[in-house]
There are 2 protein chains.
Amino acid sequence: MDGGNSGEAFKRVSGPWSGRESGQVAASVLEASEETMAMRVVGALRDDIVTMVLKPGDVISESDIAGRYGVSRQPVREAFIRLAQQGLLLIRPKRATVVKKISPEGVRQSRFIRESIEVEIIRRVAAHPGPDAASVLKELIAEQETASAAEDSRRFHTLDELFHRTLARLAGVEYAWQLIDDHKMQLDRVRYLTLGVSSSQVAIGEHKIIAAAVAAGDVAGAEAAMRAHLARAELLLSQTIADFPDYFE
Amino acid sequence: MDGGNSGEAFKRVSGPWSGRESGQVAASVLEASEETMAMRVVGALRDDIVTMVLKPGDVISESDIAGRYGVSRQPVREAFIRLAQQGLLLIRPKRATVVKKISPEGVRQSRFIRESIEVEIIRRVAAHPGPDAASVLKELIAEQETASAAEDSRRFHTLDELFHRTLARLAGVEYAWQLIDDHKMQLDRVRYLTLGVSSSQVAIGEHKIIAAAVAAGDVAGAEAAMRAHLARAELLLSQTIADFPDYFE
DNA sequence: TCCTCCAATCTTGTATGGTAGATGCATGCG
DNA sequence: CGCATGCATCTACCATACAAGATTGGAGGA
């Protein structure tokens, strides 16, 4: 292996790898999207990990990735460090680097964090809904119904994320939402495994209940609806563990 | 500059730098505490930043730090990347690296995250207090009173952190507490600036109220007490901004 | 005096070679 | 046949050299 690598452009990754087109998930925390090679490697690897092109347990190496991407080991190494801090890779010094298996306990705790924050967000929004809060949420739900009817689960996922992000913005804590993005990636990996089975109709109904409670200024009702909405993911987790036992530790 | 570096031991940092003794803050997210050079540099730099030995706005460079620590640029560079991801450094490509100034908005959002999670924690603990919850909390408060009487603000800070961490453990989400440790560093920098003026007696009183509500199983009361306890930091922030305007952006 | 331009000199980014540690397999011994 | 030992080969870690963008200062002209 590892024959004839240098000189190839970065695009070479499109070979045996990723099949993503262009504008997928909302640009993550990265400010200047593609400044350095290292950043591009980070983005490409993260997408490949979240979309399960690189599967939990896969062993990778600096030389390996560097060869595939046509760059030296240095930027790859820096990318590994970033991804390891985000919990997607596990670097075992002098040994190997592996795509981290999904920790059920970690997912549970990430969900706890998300639920804590989202409940607090929905409280604030319901207590002090802005003038356009109701209309904005209503419009988002309409788009989700369109995506659901077209069975575009990819777009539905994006819109679902946008729904929750919008709530954060309405609460005036959009920046806080970005801060928890890293932890949310653990949940995203699980979610990707359940893309097909996700019952989008149920989710849309729950979104409607939440939006209605917000519009009515019903703090307790909004909180309860949000908790119910988030709790549904708990069932998906245990089912997913049963379906893909090798991906969990 | 940059003359005669190699061969020096790592301890050389003790020269013009850090004056920390030994067992200060509870070992952060790092698993194997001191495996590689890069990790040691990370730890040393982080402590220096949180304790304001390196002040917000200070310009540092890879060569500079590498010279001080007697290592090459490579491990320092990796340390920079880690610290930049934790929001303590700002790497401006091809330009310079500076100790990030404290963002008041960022602090506010970090506090929002912390309050959201701590409120959820205190709810769970108050709703289902373990058999030894009351006694553990009571003992911690007693230690805090000792530290306060001795005017050992350092130790008081450590105990205060332990109090909140213990609550997380009692709620069964200690791992989640570690996950938010990174964001909490922003708050720690502000807190360090207010070490002298911190009214420990007030904090102890609030801790007592929280512990009492937990012991009584009073969920609403515990939540209210926790919110009040955390809200007090809001006043400190604006006062700190006025006292150290150069440290904020 | 003020503005423009250029070059010395910073900075971080990238490439590459060498090193120490860990793993796995083959070999040799009991 | 089972087990210990040593070597080939892998890995990430670290050091060094080079490259390219950005800043700063001064020289030169209007």
Side-chain angles (χ1 to χ4, degrees), chain A residues 1-10 12-13 30-45 57-85 88-100, chain B residues 1-10 12-13 30-45 57-85 88-100:
Chain A
M1 75 216 71
D2 199 339
N5 50 355
S6 63
E8 276 296 337
F10 183 81
R12 190 168 185 277
V13 66
L30 301 177
E31 44 269 84
S33 49
E34 287 183 0
E35 272 294 335
T36 69
M37 285 289 183
M39 292 180 185
R40 278 189 271 186
V41 176
V42 167
L45 279 179
D58 281 359
V59 177
I60 56 182
S61 77
E62 297 176 358
S63 315
D64 179 20
I65 304 298
R68 294 181 194 265
Y69 284 68
V71 297
S72 78
R73 302 191 328 261
Q74 178 70 16
V76 175
R77 176 175 176 75
E78 298 178 3
F80 278 18
I81 292 174
R82 287 184 159 92
L83 294 171
Q85 240 188 357
L88 293 181
L89 292 182
L90 176 63
I91 300 177
R92 296 190 295 181
K94 306 291 178 66
R95 243 152 304 178
T97 297
V98 302
V99 179
K100 205 169 181 181
Chain B
M1 75 232 49
D2 199 340
N5 50 353
S6 64
E8 275 293 338
F10 184 82
R12 191 167 183 276
V13 65
L30 302 174
E31 43 268 84
S33 49
E34 287 182 1
E35 272 294 335
T36 69
M37 285 288 183
M39 292 181 185
R40 279 189 271 186
V41 176
V42 167
L45 280 179
D58 281 359
V59 177
I60 58 182
S61 78
E62 297 174 358
S63 315
D64 179 21
I65 304 297
R68 294 181 195 266
Y69 285 67
V71 298
S72 81
R73 272 182 51 208
Q74 179 70 16
V76 176
R77 177 174 177 77
E78 298 177 2
F80 278 20
I81 292 174
R82 287 187 159 90
L83 294 171
Q85 255 194 343
L88 293 181
L89 292 182
L90 175 63
I91 300 177
R92 295 190 296 181
K94 306 290 181 65
R95 244 155 307 196
T97 298
V98 301
V99 179
K100 207 170 181 182

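By convention in this document, chain letters (A, B, ...) are assigned in the order of the sequence lines, proteins followed by strands, and residues within each chain are numbered from 1.
Side-chain contact between B:Val98 and B:Leu89 is absent, with no heavy-atom pair separated by less than 4.5 Å. Looking at A:Val41 and A:Phe80, their side chains never come closer than 4.5 Å, going by heavy atoms from C-beta outward. Side chains of A:Arg82 and B:Ile81 form a contact here, defined as non-hydrogen atoms less than 4.5 Å apart.
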Would you please test B:Val71 and B:Met37 for side-chain contact (heavy atoms from CB on, under 4.5 Å) and show each step?
CA-CA 8 Å; B:Val71 298; B:Met37 285 288 183; 3.9 Å; yes
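Here the OG atom belonging to B:Ser72 is positioned 11.5 Å from the CZ atom belonging to B:Arg77, to the nearest 0.5 angstrom.
Atoms CG (B:Leu89) and C1' (C:dT11) sit 15 Å apart, rounded to a whole Å.
A donor and an acceptor atom, one from each side chain of A:Gln74 and A:Glu62, are nowhere located under 3.5 Å apart.
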What protein N or O atoms touch nucleotides 12-15 of chain D N or O atoms at under 3.5 angstrom, if any, and at what distances?
{"unit_1": "D:dA12", "atom_1": "OP1", "unit_2": "A:Thr97", "atom_2": "OG1", "d": "3.2"}
{"unit_1": "D:dA12", "atom_1": "OP2", "unit_2": "A:Glu62", "atom_2": "N", "d": "3.3"}
{"unit_1": "D:dA12", "atom_1": "O4'", "unit_2": "A:Lys94", "atom_2": "N", "d": "3.4"}
{"unit_1": "D:dC13", "atom_1": "OP2", "unit_2": "A:Arg77", "atom_2": "NH1", "d": "2.7"}
{"unit_1": "D:dC13", "atom_1": "OP2", "unit_2": "A:Arg77", "atom_2": "NH2", "d": "3.1"}
{"unit_1": "D:dC13", "atom_1": "O5'", "unit_2": "A:Arg77", "atom_2": "NH2", "d": "3.4"}
{"unit_1": "D:dC13", "atom_1": "N4", "unit_2": "A:Arg73", "atom_2": "NH2", "d": "3.1"}
{"unit_1": "D:dC14", "atom_1": "OP1", "unit_2": "B:Met37", "atom_2": "N", "d": "2.6"}
{"unit_1": "D:dA15", "atom_1": "OP2", "unit_2": "B:Ser72", "atom_2": "N", "d": "2.8"}
{"unit_1": "D:dA15", "atom_1": "OP2", "unit_2": "B:Ser72", "atom_2": "OG", "d": "2.8"}

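Contact check on A:Arg40 versus A:Glu35 returns no salt bridge, with no Lys/Arg side-chain nitrogen under 4.0 Å from an Asp/Glu carboxylate oxygen.
Each end of the helix from C:dT1-D:dA30 to C:dG30-D:dC1 gets its own axis, taken as the rotation carrying the C1' atoms of four end pairs onto the next four within a five-pair window, and the two axes meet at 10° to the nearest 10 degrees.
Smallest separation of non-hydrogen atoms from A:Leu45 and A:Leu83: CB-CD1, 3.5 Å.
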